[in-house]
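Structure first, commentary second.
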Amino acid sequence: MSTTTTAGHLIVAQLERAGIQRVYGVPGESFLDVLDGLHGSSIETVVTRHEGGAGFMALAEGRLTELPGVAMVTRGPGAANAFIAIHTAHQDATPMILFVGLIPVADRGRESFQEFDINAWFGSTAKKVVTLDDAASAARVVDDAIFTALSGRPGPVVIGLPEDVLVHAIESGTVEPRTAARTEPSAADLAGLEAKLAGARKPLIVVGGEGWDQESSDALAGWASRHGVPVLADFRAYDAVPHASDSYAGYLGYARSDANARRLDEADLLVFVGCVRADVLSDGYKRGLDAVTVVVNPDADLLGHFGRLDQHIPAHVAPFARALAATESAVEPAAGWLAGARADYEKFSAARPDGGTGVDLAVVMEILKQEMDDDAVITYGAGNHSLWPARYLKHNTANSLAAPRNGAMGMGIPAAVAASLAYPGRQVISVAGDGCFLMNGQEIATAMGHGGKFIALVVDNGIFATIREHQEGHYPGRPSGTHMTNPDFAALARSYGGYGERVEKAEDFGAAFRRAVASGLPAVLHLPQDPTTRSPKTASN
C-alpha cells in the first residue's frame with residue numbers, strides 16, 4: 001500500500017522487501033536520507049573504512065550468496081574509490097549494486113563540489129547505470145537493479161542518488177520483487193549436446209561462473225565421473241565442483257599445470273558450463289581453439305568468448321547440471337582419459353617443499369588442509385601468494401571461494417569480512433600477500449565493529465613478487481619499483497583488537513593456527529617468506 005515517505009526511505013524499504021540483509025559503505029552527506037532510512041531497519045549497515053573495501057565486500061556477498069551485494073558511497077571521491085569493485089564485478093560476472101550519492105539536480109554542469117559524470121565513469125564497466133531523478137520511482141529502480149544484476153550474465157548496477165531527490169515526500173510504496181529466471185536447457189539443447197558427446201573421444205568440461213549450489217555441483221561432478229569426462233575449473237572458479245570427485249582434474253588459467261594445458265589442446269569436445277573460452281583459461285587465446293565447442297551460459301552475447309562455437313545452450317548452471325545428471329549419455333572416452341587427468345591433478349596438488357630461508361608455504365598448505373574445516377570459505381586477492389592456496393587447498397563445498405578473476409589486488413581481507421558476516425557459522429580463511437593486505441587491511445576494524453572473524457595468513461616477502469618475477473624474466477638483474485617496507489603485521493592486528501602472531505617456521509604453523517581459531521577474533525598469522533621464492537615448485541607434469 002502507498003504511504004507518505006521519502007525516496008531515501010523507500011529505497012531502504014524496497015531493499016528490505018528484496019531480502020537484502022546488509023549494505024556496506026562509507027557514509028556521505030549526499031545520501032543522508034538513505035542512512036536515516038537504515039536507522040532501525042532490519043538491514044545491517046556495515047560501516048567500512050574505505051569505499052574500495054565496501055565495494056569488495058559487496059562483491060564477495062554477491063559471489064557467495066543468492067542476492068547481489070550492496071554498497072553505498074558518496075559522490076566523486078567515494079565513487080572513484082569504489083570503481084575497482086565495479087570493474088571486478090563486471091569482468092567476474094558477479095551481481096552487485098552500488099548506490100552513489102550525487103550533487104543536487106540544480107547544481108549539475110557547474111563543476112560543483114565533488115561533481116562527476118556517473119554515466120561516463122561507469123558506463124563502460126557496469127550492466128546498467130541509472131540516476132534517480134524521479135523520487136516516486138525509487139522502489140521500481142531498486143527492484144530493476146536487483147533484477148538486472150542477477151539476470152543473464154550477472155554483473156554490477158550503479159544507481160546515482162541526487163541528494164535533493166532523496167528527501168522528496170512521495171505517496172508511494174514498495175513493489176513486488178521480480179524473480180530473475182533460471183533458464184533450463186531445452187530437450188533440443190540436450191539432444192544436440194548428446195550427439196556431440198557420443199562422437200567425442202576426448203571430451204572436457206570446463207566449469208566456472210556464478211550460480212552453483214551444492215546440488216548442482218555434485219550433480220555435474222557425478223555425471224562426469226560416471227561417463228569418464230574430466231572436469232576442469234576456470235580461473236578462480238575452483239569451488240564450482242567438489243575436488244573430492246574423481247572427475248575433478250584441476251584448473252586452467254594462471255599457474256595451471258602443463259598437463260591441463262596439453263589436455264585442453266588434445267580435447268576434441270569442449271563443454272564450457274557457466275564460463276566462456278576467454279584469454280586467461282586459453283593462455284592468451286592460444287589453446288583449445290580447434291575442438292568442437294559447446295557453451296552453456298545464459299548470456300545471449302557470450303561476452304568474452306573467443307573462437308569456435310558449435311552450440312550455445314542459453315541455460316543457467318544449476319538447472320543445466322541437474323538436467324544433464326538425469327541423462328545417461330552414450331559417451332565413450334578414450335581409455336584412461338579421465339583416470340590420467342585425475343592422476344595428473346593429484347600429482348600436481350601434492351605439495352613439494354619450496355625450500356628457502358623463510359616459512360615454506362607448501363608445508364603450511366599441507367598443515368592447513370588438515371586443520372581447516374571442510375566447508376571453510378577461502379578468500380584472497382591478487383598476487384603470487386594466491387598460487388599456493390589455488391594449487392594445494394581443496395574445495396568440496398559450493399560457494400567457498402571469493403577471489404578476483406580480474407586480478408584486482410586488495411580484495412582478500414574485505415571478502416573475508418563479508419564472508420564471515422554472510423556465513424557466521426563457517427570458518428573463513430584469507431591468504432594475503434603483504435602488498436595485497438596493505439591495500440585494504442584496515443577492514444579488520446570493520447570486522448571488529450560488526451562481529452566478523454576470520455584468519456588471515458599474511459605472506460611477507462617484502463616485494464611485489466608477481467611483478468618482480470616478470471622483471472627477472474624480461475629485465476634480469478634490474479629490479480625497479482617492486483620493493484616494499486612492511487610493518488609488524490601481527491602487532492598491527494593486535495592494535496585493532498584482533499589476534500596476531502608471527503610464525504617463523506612452517507612446522508609451528510599448526511599450533512599457531514589453532515591458537516588463532518581459539519581466540520574467536522579476527523586474526524593475522526604473519527608468515528615471513530624468502531623473497532627469492534616466487535611460486536610453488538613446478539611439477540614434472
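Side chains included, hydrogens not; waters and symmetry mates left out as well; all remaining heavy atoms used.
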Step through the shown structure and confirm whether more than 12 heavy atoms of other residues, nucleotides or ligands are within 6.0 Å of [atom1] on [X].
X	atom1	value
R17	CZ	yes
Y254	OH	no
E66	CD	no
K453	NZ	no
K369	NZ	yes

Heavy-atom pair with the smallest gap, counting every atom of [X] and [Y]:
X	Y	value
P203	P333	CD-CB, 4.1 Å
L361	D354	N-OD2, 4.0 Å
S247	A221	OG-O, 3.2 Å
V503	P528	O-CD, 3.2 Å
N260	L232	OD1-CD2, 3.5 Å
A321	A219	O-CB, 3.9 Å

So, taking the atom named [atom1] in [X] and the one named [atom2] in [Y], what distance separates them when rounded to the nearest 0.5 Å?
X	Y	atom1	atom2	result
T94	E61	OG1	CD	12.5 Å
L421	T65	CG	OG1	12.0 Å
C436	Y380	SG	OH	11.5 Å
R236	Y251	CZ	OH	10.0 Å
T179	L150	OG1	CG	10.0 Å
S386	I378	OG	CD1	12.0 Å

Strictly distance-based, threshold 3.5 Å: is any side-chain N or O of [X] a donor or acceptor partner for the main-chain N or O of [Y]?
X	Y	result
R391	F348	yes
D283	R287	no
D460	D434	no
D234	A237	no
S282	A278	yes
H50	G52	yes
D265	G288	yes
T125	F122	no
E443	I413	no
R426	D375	yes

Original post:
Once the angle between the rings of F235 and Y238 is folded into 0 to 90°, is it parallel (under 30°), tilted (30 to 60°) or perpendicular (over 60°)?
Top reply: perpendicular
Original post:
Where does the angle between the aromatic ring planes of Y285 and F306 fall among parallel (under 30°), tilted (30 to 60°) and perpendicular (over 60°)?
Top reply: tilted
Original post:
Does NZ or CZ of R178 fall inside the cone over F147's six-membered ring, less than 6.0 Å from its centre and within 45° of the axis?
Top reply: yes
Subject >> V158 vs K128, side-chain contact (heavy atoms from CB on, under 4.5 Å): CA-CA, chis, key distance, verdict >> reply: CA-CA 6 Å; V158 179; K128 182 179 289 187; over 6 Å; no
Within the structure provided, determine whether [X] and [Y] are in side-chain contact (heavy-atom separation under 4.5 Å).
X	Y	answer
V359	F509	no
M96	I86	yes
V271	L204	no
W223	D218	no

**OP:** Might you work through the side-chain contact (heavy atoms from CB on, under 4.5 Å) test for I313 and V294, ending with a clear yes or no?
**Re:** CA-CA 7 Å; I313 301 177; V294 178; 4.1 Å; yes
Could you check whether [X] pairs with [Y] (Lys NZ or Arg NE/NH1/NH2 to Asp/Glu carboxylate O, under 4.0 Å)?
X	Y	result
D301	R153	no
R22	E16	no
E504	R502	yes
D279	R277	no
D92	R63	yes
E184	R322	no
R342	D246	no
E266	R263	no

**OP:** Just do the side-chain contact (heavy atoms from CB on, under 4.5 Å) check on V377 and F454 with the steps written out, would you?
**Re:** CA-CA 9 Å; V377 180; F454 55 87; over 6 Å; no
Subject >> Any pair counted as ring pair (Phe, Tyr, Trp, His ring centres under 6.0 Å), so long as it reaches residues 413-436, sequence neighbours left out >> reply: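 Residue pairs passing ring pair (Phe, Tyr, Trp, His ring centres under 6.0 Å), neighbours aside: none found.
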Residues [X] and [Y]: side-chain donor-acceptor under 3.5 angstrom:
X	Y	answer
T379	S430	yes
H526	E501	no
E469	T466	no
N384	S535	no
H395	S400	yes
N461	Q529	yes
N297	H312	no
Q214	T397	no

Original post:
Under the side-chain contact (heavy atoms from CB on, under 4.5 Å) criterion, do F272 and T293 qualify, and how do the steps go?
Top reply: CA-CA 8 Å; F272 295 93; T293 301; 3.8 Å; yes
Subject >> Chi angles and distances behind the side-chain hydrogen bond (donor to acceptor under 3.5 Å, both in side chains) call for H450, E44 >> reply: CA-CA 9 Å; H450 293 271; E44 179 182 9; 3.0 Å; yes
Subject >> Verdict with reasoning, R405 to E210, per salt bridge (Lys or Arg N to Asp or Glu O under 4.0 Å) >> reply: CA-CA 12 Å; R405 295 168 191 150; E210 309 286 2; 3.5 Å; yes
**OP:** Could you walk me through whether D374 and K394 pass salt bridge (Lys or Arg N to Asp or Glu O under 4.0 Å), step by step?
**Re:** CA-CA 8 Å; D374 194 52; K394 309 297 184 185; over 6 Å; no
